[in-house]
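In what follows, a single structure is set out as C-alpha cells and then discussed.
The sequence lines fix the lettering, A, B, ..., with proteins before strands; numbering per chain opens at 1.
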Amino acid sequence: MTDTNEGKRRGELWRGTTTPRAPLAPPTDRRTFLKLAGWSALAGGAAACTPRSPEELVPYVDMPEHVVPGRPTYYATTLLREGYGYGAIVETREGRPIKIDGNPGHPATLGASDAVLQAELMQLYDPDRSRTPLHDGTPRSLDALAADLATLRERLLKSGGRGLRVLTPPVTSPTQAARLGALLDSFPEARWHQWHALARDAAITGSRIAFGRAVDITTRMDRADVIVQLDGDFLAEGPAHLAHAADFSSRRRPGPGMLRLWVMESTPGLAGAAADHTLVVPQPRVVRLALALAAELGLAVPAAEGLSPRERRWVAACARDLAEHRGRALVLAGDPQPPAVHALAHWLNAALDAPGRTLEWRDPALARPEPVIESLTALAEDMHRGEVDALVVIDGDPAYDAPADLRFAEGLERVSTVIHHGLYVDATARRADWHVPLAHDLESWGDARAFDGSVSLQQPLVEPLHASLPRLALPEMLMGRWPRSDREVVAAHWEARLGGESAEPWKAALRAGIVAGTASSSVDVVPRPSAIRDALAETPGNADAPAPVLQFRADPHVSDGRYASNAWLQELPRPLTKLTWDNALLISPAMAERMGIGDEEVLRVSTGQATIEAPAWVLPGMPDEALTIWLGHGRAIRSGGEGDSLADGVGVDAYPLRTTGALFARTGIDVEPVGRRYALAATQHHHRMEGREPVRRMTLAEVLDGRDHAPQGDEHPSLYPEPVPAPFDVDAPQWGMAVDLNACTGCMACTAACQAENNIPVVGKRQVRAGREMHWIRVDRYYEGDADAPRTLFQPVPCQHCENAPCEYVCPTGATQHDSEGLNVMVYNRCIGTRDCSQNCPYKVRRFNFVEYNYGAQEAELLSALRNPDVTVRSRGVMEKCTYCIQRISRARRQAKIEDRPIADGDVVTACQQACPTGAIVFGDVSDPESAVSRAKNHPLDYALLAELNTRPRTTYRARVRNPHPDLEENDSSGGDKAHG
Amino acid sequence: MSELSGWLAEFDEVDDLVEAAHRLVDAGHERVEAFTPFPVEALDSVLPPPRDRVTVWVLAGATVGALGGYALQVWTAVFDYPWLVGGKPMHSWPTFLPVSFELAVLLGSLAGFLGMLIGNGLPRLHHPMFAAKDFDLATRDRFFLYLPGQNEAREALAGLDPVHLHEVPGDDDAG
Amino acid sequence: MPQLFPRWSNSVARLAFATLLLCVPAVVAGLMLHVRSDWFTGAGIAPVQPVPFSHAHHSGKLGIDCRYCHTGVESSPVAGIPPTRTCMTCHSQLWTEAEALAPVRESMASGQSLRWTRVTDLADYAYFDHAVHVHNGVGCASCHGAVQTMPLTMAPHAFHMGFCLDCHRDPGPNLRPPARITDMDWSPVDGAADTRALLAHYDIRSERLDDCSICHR
Amino acid sequence: MAEPQRDALIDTAFGYASLGERIAATVLSGSRTGWLLLLAGFTTLSLLFLYTIMLVFTVGVGVLGLNIPVAWGFPIVNVVWWLGIGHAGTLISAILVQLRQDWRNSVNRFAEAMTIFAAGIAGLFPVLHLGRPWFAYWLVPYPATMEIWPQWRSPLVWDFFAIATYITVSVLFWYTGLVPDLATMRDRAKPRWAKRIYGVLCLGWRGAHSHWRRFRTAYLVMAALATPLVVSVHSVIALDFATTIVPGYHSEMFPPYFVAGAIFSGFAMVLTITIPLRRWLRLEAVITTRHLDIMAKTMLAAGLVVVYAYLVEHFVIWYVGDEYERYMALNRILGPYACAWWGTMAINAGVTQLLWSKRIRTSPAILFCVAIVLNVGMWLERYLIVLSSPHRGYLPAAWDTESGTMIDWLMLLGSLGLFFALLTLLLRWIPAVSIYEVKELLHERREEG
C-alpha cells in the first residue's frame with residue numbers, strides 16, 4: 001500500500017503485511033542506495049542522468065479495519081519504571097509505534113513526559129536487545145525453554161518449591177503481584193525477592209520509623225508557598241517527578257504568593273537549579289542541617305554542632321520562612337538521605353500542619369513495600385549458603401548492579417538453575433543457564449500503579465519484534481499454565497472489577513489508559529517523635545564525616561544502567577554537565593584547584609576493596625570535599641544484533657564501589673590523579689553569559705514594583721521597509737513560540753521529544769566531541785555567581801524563526817526562506833550545503849549532516865522502523881534545524897482545509913511543547929491576539945533573544961524570576977561572575 | 001605554382017621598413033601590408049587603419065551582459081518565483097548589481113576576442129604568404145613589406161633596396 | 001618555405017572554431033531535454049506488474065468508482081493500493097480460474113502481499129495529500145490522467161515540481177464541482193465565471209500555495 | 001651570459017633573433033632531467049590532492065575540520081588565498097600594460113599562467129567545501145524542471161559569477177597575448193608535427209600590421225575590462241564575509257582590504273616563482289634584478305595598505321564600541337586563535353618592513369625567503385578571519401573551537417602540488433616570457449639608444 005511505501009521511502013522498512021514479524025529486509029532500491037551511498041557523490045552528476053529506480057508498492061493482504069493507511073492511530077498504555085506506572089499515549093503508523101507522549105489522564109505524566117519516556121521508543125527498537133532464548137549461551141527455541149521449565153517444575157513440585165527464588169524489581173502491578181502470590185501458593189517453600197539499584201528504601205524505612213508502617217507521600221505543591229528539600233531532586237527523581245514539576249511550576253508564575261523553594265543538595269540537580277536558595281553540602285552533612293532546621297522549628301531533636309555562619313543564617317531564614325507559612329509549607333527528604341532524615345521530614349511536615357494540605361500520607365503503591373536491600377541481601381546469603389536451587393531473575397541485572405559486598409555474581413555460581421528474563425544479554429544473562437528475551441512494555445499486556453496508587457492498563461502496540469516473552473510469562477510457565485497469553489492473564493485478573501474483555505468498563509479503561517478510582521486511600525497516621533529521635537541519634541551523618549565523600553547517583557538519563565544501550569539517551573546531554581556518552585567524577589572547582597587537576601584528567605578512586613579510574617569533570621555547585629559519580633555506565637551487554645553493543649566502552653562502572661552499607665555515599669576513600677587524560681564529549685564549553693544577558697533575570701520584588709525585564713537593545717534602523725514586506729499580509733496564521741524561562745527546569749524532555757518526532761540522527765561520541773551534535777532544540781545552561789555555589793540558569797534554544805532571518809539571504813539556492821505563515825523553512829532537497837546559513841545564524845541553532853548519519857548504523861533496518869514518516873530523513877551534506885514541527889502544522893492546516901474551518905488555537909502542538917512537564921513552551925498563532933501564545937508574549941517579562949540584531953525572532957522568552965528570602969538576599973546576590981568558563 | 005599574386009620585400013631593421021613603407025604609400029600604392037615580429041607603432045601613421053572597430057564589439061558585448069544580467073535577475077526574483085528572503089524586498093536592486101557587472105565584463109571580453117579574430121580573418125591556417133621564401137623570419141627578426149601585383153610591384157619594391165625580394169605565389173584569395 | 005596546411009584547412013579551422021563556441025550551449029540544452037524525456041521520467045510507459053490490472057476494464061468498462069479500491073483517498077494523505085481481499089471480493093466469484101489472477105489467489109492463500117511497481121512516483125521529499133486535494137475540487141484525472149482508458153496503468157506525464165507548481169499557482173482551471181471529483185470523463189466547463197465560482201466555493205487563495213512548506217517538510 | 005648592469009630591464013646586447021632564441025630555447029631544447037624530477041614531485045602532490053578530493057566526495061565534508069559554530073574552514077581559507085595569488089598576475093598583465101609599465105613585458109606571461117592556475121584551483125575549493133558538491137550547478141540560472149532559480153541576494157551567487165568570469169577572462173587574455181608567440185614557435189620548431197600543432201594554436205597568425213593593430217586594441221580593452229574585474233572579484237569574496245552579521249566578518253572595509261591583501265600575497269607568489277625560474281631557465285638577462293626590485297617595492301606598498309587596514313579595523317572596532325565586535329577583537333589577540341593573530345601581525349606587519357632595504361630587494365636569495373614567509377603570513381591572516389570569527393559568536397553557550405584535520409592540510413599541500421605541476425608542464429610547452437613583447441621592449445630601448 002502506498003502508505004507503507006511512503007514510510008519506506010523515508011527510511012522505514014516496516015512492511016504492511018499482516019505479520020509484523022516479517023523479515024525487516026530493505027527494499028531493493030534502498031539497498032542499492034546503501035551500497036552507493038558514498039559513491040552517489042561522484043556519480044552524483046551521472047546519477048541525475050539515469051531514471052530513478054522503480055519503487056515497490058506493498059499492500060496489505062487483508063487490512064485491519066481500524067487502520068487508515070497514512071494516518072496515525074493513538075493508543076493509551078503504561079510504561080514501567082522502578083516498578084511504577086507512567087501513563088502514555090503512543091502514536092502508531094501502520095502498526096508501528098513512532099512516538100510516545102504522556103497520557104493527560106494519568107496522574108504520573110499528566111500528558112507530559114521526560115527524556116526517558118520519550119526514549120522508551122528507542123528502547124523498543126534497540127538493536128542490542130536480545131532476540132532469542134539462550135541456553136548456556138546457545139540460541140534455543142521458546143518451545144525448548146518451555147520443555148525445560150516443565151521438567152524444572154516437576155523437580156520443584158516434589159520439594160514444594162524449596163530453593164525456588166524469584167527476583168523482580170519492586171512491583172506495583174496488581175496482576176503481577178497476584179500471579180507471584182499464586183506462584184508462592186503453589187510452591188509454599190519458594191521466596192519472592194525484590195531488587196532495584198535505585199529503589200527508595202530510605203523512604204519506606206523512614207516511614208516505618210515515623211509511623212511504624214510503610215506510608216507513601218503524595219504532595220500537593222500547588223497548595224504550597226514554601227518548599228524545603230533535604231537533598232535529592234524532586235523534579236527529576238521518584239515516580240512522581242512529572243507531577244511535581246507540573247504542580248511546582250504552577251506556583252512559580254511571577255506574582256504575589258509565588259512559591260519559594262529552599263534546597264539542600266549534595267549534587268547539583270534540577271531542583272537545586274530551580275531553587276531560590278540552594279545550600280550545597282556533602283551528603284552526610286545534610287543530616288546535621290536537617291537537625292538544625294528541626295531545632296529552629298522547635299522540635300526536640302539531637303543538637304547539631306559545627307554549622308558554619310552561612311549555614312546557620314541559611315537554616316534560620318529557612319526555618320522562619322517555614323514557620324511563617326504553616327499549613328502552606330512542605331518538607332521533602334531525598335532518596336539518597338538515610339531513613340532517619342525521611343522520618344524527620346514526616347515529623348517536620350506534621351509540625352507544619354502539612355498533612356491534608358500540602359501533602360497526603362497514603363497506603364503504599366508497591367504491592368510489597370520493603371527495603372529491597374534487605375530482600376536482596378537475604379537472597380545473596382542464601383545463595384552463598386547454597387540454599388538456592390532455582391533462581392528466576394525477571395527484568396533485572398543483579399550480577400551488574402548488586403552491591404559489591406554481596407558478591408552476587410559468585411553467588412550465582414552456586415545456584416543450580418538460573419533463569420534470566422531481561423531485555424539484554426547482560427552480566428546476569430551470561431551467568432544464567434537460561435536467558436529469556438523480555439518483551440518490551442510496548443509489546444506486552446500488563447498493568448501498574450502510579451505513585452498515588454492509580455492503576456493503568458498496559459496494552460501492546462506492536463507484536464513482539466523478537467522471540468521474547470512478556471513480563472508475566474515465567475511464573476505462568478512455572479505454574480504449568482503455559483501457553484497462555486499475557487492478555488488472558490491480565491483480563492482474568494480484572495474480570496471481577498472491569499468485567500470481561502468485551503465489557504465496557506474494560507474497554508473504557510484501555511481507552512482512557514487509567515482505571516478510574518483506584519488511587520490508594522490516604523491513611524491517618526501520626527509521627528512518633530521518640531522513635532525518630534532514636535533513629536537520628538544513631539545516624540552517622542551527624543558525626544563529622546571524614547573527607548572526601550564519594551556519592552553515587554543515577555545517571556540522569558541512563559538511570560541505573562537499564563538504558564545503557566539506548567542511543568538517544570546516551571547522546572542526550574545531561575542537564576547540568578552537558579556531558580554525553582560517558583560518566584565522570586564530578587568535582588567542585590575548589591577541590592579540583594586544590595588537587596591541581598582539570599576536566600578529563602583521570603582520577604583513581606579506591607576504597608579498601610575496590611578501585612575505579614574515571615575522568616574528572618569540574619562542576620560548579622558540587623560540594624567541596626565530595627565526588628559524585630553516576631551509576632549505570634560501563635555495563636557489559638552482548639548485542640542481540642551483529643557487532644558490539646552500543647553500551648560497550650561507554651563510561652565507567654561505579655557499582656564495584658557500592659556496598660550495602662553505602663548505597664548512595666561512602667566515606668573513607670582515597671582519590672589521586674593517574675596522570676592520564678580521557679576525552680569526554682560535552683555539548684557546551686562555555687558557562688558564563690559574558691554580560692550578554694541571553695537569560696534575563698530579576699527578583700520577584702522587582703516584578704512586583706512593576707519593573708519589566710531589562711531594556712532590550714535598540715532596534716537598528718534598516719534600509720528596507722519595516723516591518724517585513726508584502727507576502728506576510730496574506731491572511732494565514734503567523735506561528736510563534738514563547739518560552740517561560742521561569743518554568744523551564746532544564747530537564748531535556750523537549751530535546752528528547754524533538755529527536756523522536758523529527759527523525760534526528762544520533763551521531764556518536766566522536767562527532768559530538770567534534771561539535772557536530774544534531775539536536776534541534778538545545779538547552780543552554782549558564783552559571784552566575786560564586787563558582788562553588790552558583791546560580792544555574794537554563795534556556796531552551798530552538799530555531800528562533802526570525803522574521804528578518806540572517807540565514808535566508810545568504811543561501812545561494814533559496815533552500816532556506818520564509819513562507820507566508822512566518823516560518824523560516826528549511827528545504828532539505830534544495831540544500832547544497834554551503835553552511836553559510838549557519839555561519840550567519842546568531843543563535844547557532846542550525847545543524848549539519850557532515851557525513852551520512854542515517855544509514856551508518858549497522859541496524860539501520862531496525863532503527864529506521866521508528867522514523868516518523870511525515871518527516872524527511874536528511875541525507876549527508878544537508879543543513880537542518882527546528883521547523884516548529886512543520887509536519888504537525890501541515891497536518892493541522894490540511895485537516896482544517898478539509899473540514900473547511902480556520903485552524904483553531906491549540907490545533908498545533910509542537911513536540912517540545914507537548915513533552916514539557918512544566919508548560920514552559922507555548923506555541924500558536926501570534927497574529928491572533930486571543931491565542932495563548934499572544935497572551936504569553938504580551939507579558940511584560942517577555943523579551944527577544946539578541947533583539948538588538950533586529951532579526952525579529954518569532955521565538956521569545958519570559959525572564960527568569962527569583963523569589964529570594966529577604967533575610968538572605970544581600971549576601972546571596974554575589975555579583976562576581978566566577979563560574980569557570 | 002601559377003602566376004604570382006605579389007612580392008615581398010625583406011628588411012632587417014625596423015627603421016628601413018618604416019621608411020620604405022612611407023615611400024610606397026607616397027608613391028600612391030594603397031594595398032601595402034607590413035609583416036613584423038612585434039607591433040611597430042611607427043607604421044600606424046603610415047599604413048591605412050582597418051575599417052572595423054574592435055571596441056564596438058566590446059561595447060556591444062558589455063551592454064548585453066549588463067542589461068541582460070540585470071533583467072534575468074529581476075525576472076526570476078521578482079516575477080517568475082518571488083521568494084521572501086530575510087525580510088528583504090523582492091526587488092532588492094543593490095544585490096543584483098554584482099552579477100550584472102560580472103556578466104558585462106564576461107561578455108565584453110568574449111566579444112573583444114571574437115571581434116579581433118573576425119576582423120583579422122583568423123583562423124587562417126593556409127595562406128599564400130606562408131609559401132613565400134623566408135617568410136618564417138617574419139616572426140623572428142625580419143620585417144617584410146608586401147605589394148600585390150606582377151612586375152610593376154617587383155619594380156616598386158626593388159626600388160626600396162630591401163635585403164631580399166621574395167615572390168608570393170598566386171592564390172585564389174590574397175591579402 | 002612550403003605550406004604547413006592544405007587550403008581546405010581554412011574552412012575546417014573556421015568550422016571547428018564555430019562548433020567549439022556552440023557545443024557548450026548545445027550540451028546544456030541536450031541535458032535539459034534529456035531530463036524531460038519520457039525515457040527519463042517514465043511518463044507514458046507502463047511498467048510490468050505482477051498482475052496485468054486494467055483500469056480501462058474496471059474503471060472504464062465496469063465503471064467501478066475509484067474509491068471502491070482506493071479507500072484512503074478522502075480521509076488520508078495516501079489513496080492506498082487495495083488489499084488483496086478487495087480484489088477477491090469479486091474474483092472469488094469471477095474468473096476464479098483465470099491464469100492472470102493466479103498471483104492474487106496465491107497472495108490471498110499465502111498471506112504474502114502482492115508487490116506492485118509504483119507508477120506515480122513523486123520525489124521522496126515532496127509530500128502529497130490526496131484527501132485535501134479531492135476535498136478541494138481537484139479530480140483524480142487532473143494528475144492521473146485518463147486511467148479509464150489505460151489497459152495497463154501508466155503515468156500520463158512527468159511529475160516534475162513544475163507540474164505541481166503550475167496548478168498551485170493557478171488552480172482554477174483544474175477545479176471541478178464536488179460531485180465530479182472521481183468522474184473520469186468530466187471535462188472542465190471553461191469559462192472564467194465558474195472558475196471564479198469554484199475558487200470561491202472551495203475558498204482557495206493561490207497566493208501562498210507555492211510556499212515551500214506546502215509540499216516540503 | 002653576464003648579469004647586465006643593475007637597473008636595466010633588458011640586456012640590449014641581444015639581437016631580436018638571439019633574444020627570441022634564448023626564450024624559445026626554454027621550450028624547444030631537449031628534455032631536462034631536472035625538469036622531469038620536478039614534475040614527478042609535484043605530480044605526486046597533485047595525486048594527494050586527488051585523494052583528499054575523493055575522500056571529501058565519498059565520505060563527506062565531515063572529514064575536514066568543521067563543526068557548528070565553525071562551519072567554514074580550510075576550504076574557504078584556501079579559496080581566498082589562491083584567488084589572492086591569482087590577482088597579482090592579472091595586475092601585472094592588465095593594469096600595468098595600461099600604465100605602460102614596460103618592465104612587465106618580461107614577467108607577464110607566466111604571471112598570467114600563474115593567475116589561471118591559481119584561479120582554477122581557487123575555483124575548486126568552494127565546490128569541495130559543499131555538503132553536496134554534485135549539486136554545485138544549481139548556482140547556474142538555467143530553466144530547471146523545478147522551475148526555480150538561484151537566490152540572487154546571496155553573495156555566494158555573486159561569488160560563483162565573479163570567479164567563473166575571472167577564470168574565463170584570464171584564459172582569454174592570456175591566450176590572446178600568446179597567439180603571436182605561438183606563431184614564433186611554429187616558425188622555430190623543427191619537427192613538422194610540432195610546427196603543425198603550434199600552427200593550429202596560433203590560428204595562422206602572420207604578423208600583418210593591420211592584425212597587430214586590432215590585436216593591440218583588443219588586448220588593451222581586455223586589460224581595461226580585467227582591471228575592474230580583478231578588483232571586483234576579491235571585493236565579492238570579501239562580501240561573502242562583510243554581508244553577514246558575524247562579528248569579525250561584518251566589516252565595511254573588507255573589500256578594499258581584501259584586494260590589497262590579494263596583491264600583496266600575489267606578488268609574494270610571483271617572486272616565489274620568478275626567482276628560482278630565472279635562475280633555472282637562465283633568464284637573468286631578461287628578468288633582471290631590476291624586475292625583482294620593482295616587484296618587491298609593489299609588494300611593500302600593498303603590504304603597507306594591509307597594515308593600514310589592520311589599524312583601521314581595530315580602530316573602528318574600538319570607536320564603534322559594539323560589545324560583540326570588541327570581544328571578538330580581544331578574543332583574537334588572547335583567545336584560542338591568538339597564535340594565528342600574532343603570527344599574522346609578526347609577518348604581514350613585521351617581516352614586510354625588510355623590503356625597505358634595497359639590498360634585500362635586490363638579493364634574490366633573501367627576497368625569495370621573504371616572499372615565502374609572506375605567503376604563509378597571508379594564509380594565516382585568512383585562517384584567522386575565517387575560523388576565529390564564528391567560533392565565539394553571540395551566544396556563549398554555542399561557543400566552540402575548530403582547527404584543521406590531517407585531510408585539511410593534505411588538501412592544501414596537494415593544491416600547491418597541482419599548482420606547481422601545471423606551471424612546470426606549461427613552461428615546457430609555451431615560452432615562459434612573452435617573446436614579441438620583449439622584442440618590442442628591446443626595440444624601444446634601442447630607440448632610446
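Looking at A:Arg893, the atoms closer than 4.5 Å to chain C (heavy atoms on both sides) all sit in the side chain, from C-beta outward. Interface remark: A:Gln817 contributes side-chain atoms only to the contact with chain C (heavy atom separation under 4.5 Å). There is no contact between A:Thr883 and chain C, counting heavy-atom distances below 4.5 Å. Interface remark: C:Asp203 contributes backbone and side-chain atoms alike to the contact with chain A (heavy atom separation under 4.5 Å).
Chain A forms the most heavy-atom pairs under 4.5 Å with one residue out of C:Ser213, C:Gly72, C:Cys212, and that residue is C:Ser213. Counting heavy-atom pairs closer than 4.5 Å to chain A, the top-ranked of the candidates C:Ile204, C:Thr117, C:Asn136 is C:Asn136.
Using a cut-off of 4.0 Å between Lys/Arg side-chain N and Asp/Glu carboxylate O, C:Asp183 and C:Arg176 are scored as not salt-bridged. A salt bridge does not link A:Glu463 with A:Arg96: none of the charged nitrogens is closer than 4.0 Å to a carboxylate oxygen. Between A:Arg846 and A:Glu880 there is no salt bridge, since no side-chain nitrogen of the basic residue lies less than 4.0 Å from a carboxylate oxygen of the acidic one.
Side-chain contact check for A:Glu821 and A:Trp735: at least one donor-acceptor pair (N or O, by modelled atom type) lies under 3.5 Å.
Taking the ring centroids of C:His58 and C:Phe53, they lie under the 6.0 Å cut-off.
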